[in-house]
Trainee: 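One structure, as structure tokens, below. Some questions next.
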2 protein chains.
Amino acid sequence: MTVTSTKRKKLKAKGWKFGDVQDFLELSDEEMAFIEMKLALGRSLKARRQRKGLSQAALARLINSSQSRVAKMETGDASVSIDLLIKSLLALGASRKELAKSIEQSKRRAAA
Amino acid sequence: MTVTSTKRKKLKAKGWKFGDVQDFLELSDEEMAFIEMKLALGRSLKARRQRKGLSQAALARLINSSQSRVAKMETGDASVSIDLLIKSLLALGASRKELAKSIEQSKRRAAA
DNA sequence: TGCAGATATGTCAAATCTGACATATACTGT
DNA sequence: ACAGTATATGTCAGATTTGACATATCTGCA
């Protein structure tokens, strides 16, 4: 129930309409955890992609998707599923262990 | 590309139709990793539910779902998303760290 | 055996997610 | 300023996932 204001600030509220609550300030801890996991996976994807010197378009080709969806994945758009994020990371060679690390950690500086 | 026969045996092939490959023996390593992650999460869910002494129907009520979907989650039905598994586990009180552990490990005896 | 509770499986309409496309915005080099 | 490249955002038809329901199978237990 209680959500720290620090956490609130992090959400860009792009399309998030969780459960019955329309006000994104009223997110429960579980909802926040879920969203932060998505954001963390998005950051990992971006880091991995950049480490390989790929553009979003190039990655999109690689995983049979589109540049716009890759962008949405990396920016944490509410319309992307964790399934898609995980499939994409696996396609980029991430191991389950690495995925676990992304999921576990809250922030972790995005490796440049 | 190469899939060990040990891994193959584990799949009950209930509805899995991955990518273009219709033969479930032709799964790539990434596809296998993805499926095993789902199975691992399903095992975690079952273990957590049982630890709390809940029936599938009771858990279903708790997460606004149905007994049949809970069963599908726990048995690794192809129709369930990782998103749903994760949301359910979070609802049962799992932490991100615990989720990470499930995702990381391949098998791990289902805690009775 | 028969009953009761729990779990599994199949189906389907409604809800959600997806790739594709258009277009906007940023960033660089010239 | 312009052109080129990369990334972001909005929309939408088609695909996938969901809760719900029916029904089957399991698991004790009297």
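In what follows, chains carry the letters A, B, and so on, assigned in the order in which the sequence lines appear, proteins first and then strands, with residues in each chain numbered from 1.
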Trainee: Roughly how many Å is it from CG in B:Leu59 to P in D:dA20, rounded to a whole number?
Mentor: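 Roughly 13 Å, once rounded to whole Å.
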Trainee: Please check the phosphate of D:dG19 (OP1 and OP2 only) for any side-chain N or O of B:Ser65 closer than 4.0 Å.
Mentor: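 For D:dG19, OP1 or OP2 has a side-chain N or O of B:Ser65 closer than 4.0 Å.
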Trainee: Working to the nearest 0.5 Å, report the span between CD of A:Glu98 and CD1 of B:Ile103.
Mentor: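 Going from CD on A:Glu98 over to CD1 on B:Ile103, the span is 13.5 Å.
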Trainee: With a 4.0 Å cut-off on heavy atoms, is B:Asn64 in touch with a base, just the backbone sugar-phosphate, or nothing at all?
Mentor: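 Here B:Asn64 touches the backbone only, sparing every base.
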Trainee: With a 4.0 Å limit, can you tell me whether A:Arg49 has a side-chain N or O closer than that to the phosphate oxygens OP1/OP2 of D:dT7?
Mentor: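 Answer yes for this pair, as a side-chain N or O of A:Arg49 is under 4.0 Å from OP1 or OP2.
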Trainee: Could you give the NZ-to-C1' distance, from B:Lys87 to D:dT18, as a whole number of Å?
Mentor: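 Rounding to the nearest Å, NZ of B:Lys87 and C1' of D:dT18 are 10 Å apart.
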Trainee: Applying a 4.0 Å non-hydrogen cut-off, can you work out what A:Val80 is touching in the nucleic acid: base, sugar-phosphate, or nothing?
Mentor: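 Result for A:Val80 = sugar-phosphate.
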Trainee: Measuring only between side-chain heavy atoms, which start at C-beta, is A:Leu59 closer than 4.5 Å to A:Arg48?
Mentor: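 Side-chain contact under 4.5 Å: no.
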Trainee: Could you state the atom-to-atom distance from CG of A:Asp77 to P of D:dA8 in whole Å?
Mentor: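 Answer to the nearest Å: 11 Å.
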Trainee: Do the side chains of B:Ile63 and B:Arg69 get nearer than 4.5 Å, heavy atoms only?
Mentor: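 Side-chain contact under 4.5 Å: no.
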Trainee: Mind listing the closest non-hydrogen atom pair of B:Ala40 and A:Arg96 along with its distance?
Mentor: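 Scanning both residues completely, I find the closest heavy atoms to be CB-NH2, 4.0 Å.
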Trainee: From CE of B:Met73 over to C1' of D:dG19, roughly how many Å is that when rounded to an integer?
Mentor: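 Whole-Å distance recorded here is 10 Å.
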Trainee: B:Leu84 side chain: which of D:dA8, C:dA8, D:dG19 is closest?
Mentor: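 Nucleotide nearest to B:Leu84's side chain: D:dG19.
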Trainee: Which nucleotide sits closest to the side chain of B:Ser55: D:dA6, C:dA6, C:dA8?
Mentor: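 Selected nucleotide: C:dA6.
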Trainee: Looking for any heavy atom pair under 4.0 Å, which part of the strands does A:Ser66 touch: base, sugar-phosphate only, or nothing?
Mentor: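 It contacts base atoms.
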Trainee: Looking only at side-chain atoms of A:Ser68, point me to the closest of C:dT9, D:dA6, C:dC21.
Mentor: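 Taking heavy atoms from C-beta onward, the closest nucleotide is C:dC21.
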Trainee: State which of D:dA20, D:dA8, C:dA8 makes the closest approach to the side chain of A:Gln67.
Mentor: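 The answer is D:dA8.
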Trainee: Checking all strands, does A:Arg61 fall into the base, sugar-phosphate, or nothing category for heavy-atom contacts under 4.0 angstrom?
Mentor: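 Here A:Arg61 touches no strand at all.
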Trainee: For a quick check, tell me whether the side chain of A:Lys72 and the base of C:dG19 share a donor-acceptor pair closer than 3.5 Å.
Mentor: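 A donor-acceptor contact between them is absent.
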Trainee: Please state how far atom NZ in A:Lys46 lies from atom C1' in D:dT7, giving the value in whole angstrom units.
Mentor: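 So the NZ-C1' distance, A:Lys46 to D:dT7, works out to 8 Å.
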Trainee: For A:Glu74, run the side chain to side chain donor-acceptor pair (under 3.5 Å) check against A:Arg43, A:Arg49, A:Lys46 and tell me which one passes.
Mentor: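 So the option named by the test is A:Arg49.
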Trainee: Using atom NZ of A:Lys38 as one end and atom P of C:dT16 as the other, report the distance to the nearest whole Å.
Mentor: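 Between P of C:dT16 and NZ of A:Lys38: 12 Å.
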Trainee: Are OP1 or OP2 of C:dT18 and a side-chain N or O of A:Ser81 less than 4.0 angstrom apart?
Mentor: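 A:Ser81 to C:dT18 OP1/OP2: side-chain N or O found under 4.0 Å.
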Trainee: Rounding to a whole Å, what distance do you find between B:Arg69:CZ and D:dT16:C1'?
Mentor: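 After rounding, the reported distance stands at 11 Å.
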Trainee: Could you tell me the separation between the CD1 atom of A:Ile82 and the P atom of C:dT18, rounded to a whole number of Å?
Mentor: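 Value for this atom pair: 11 Å.
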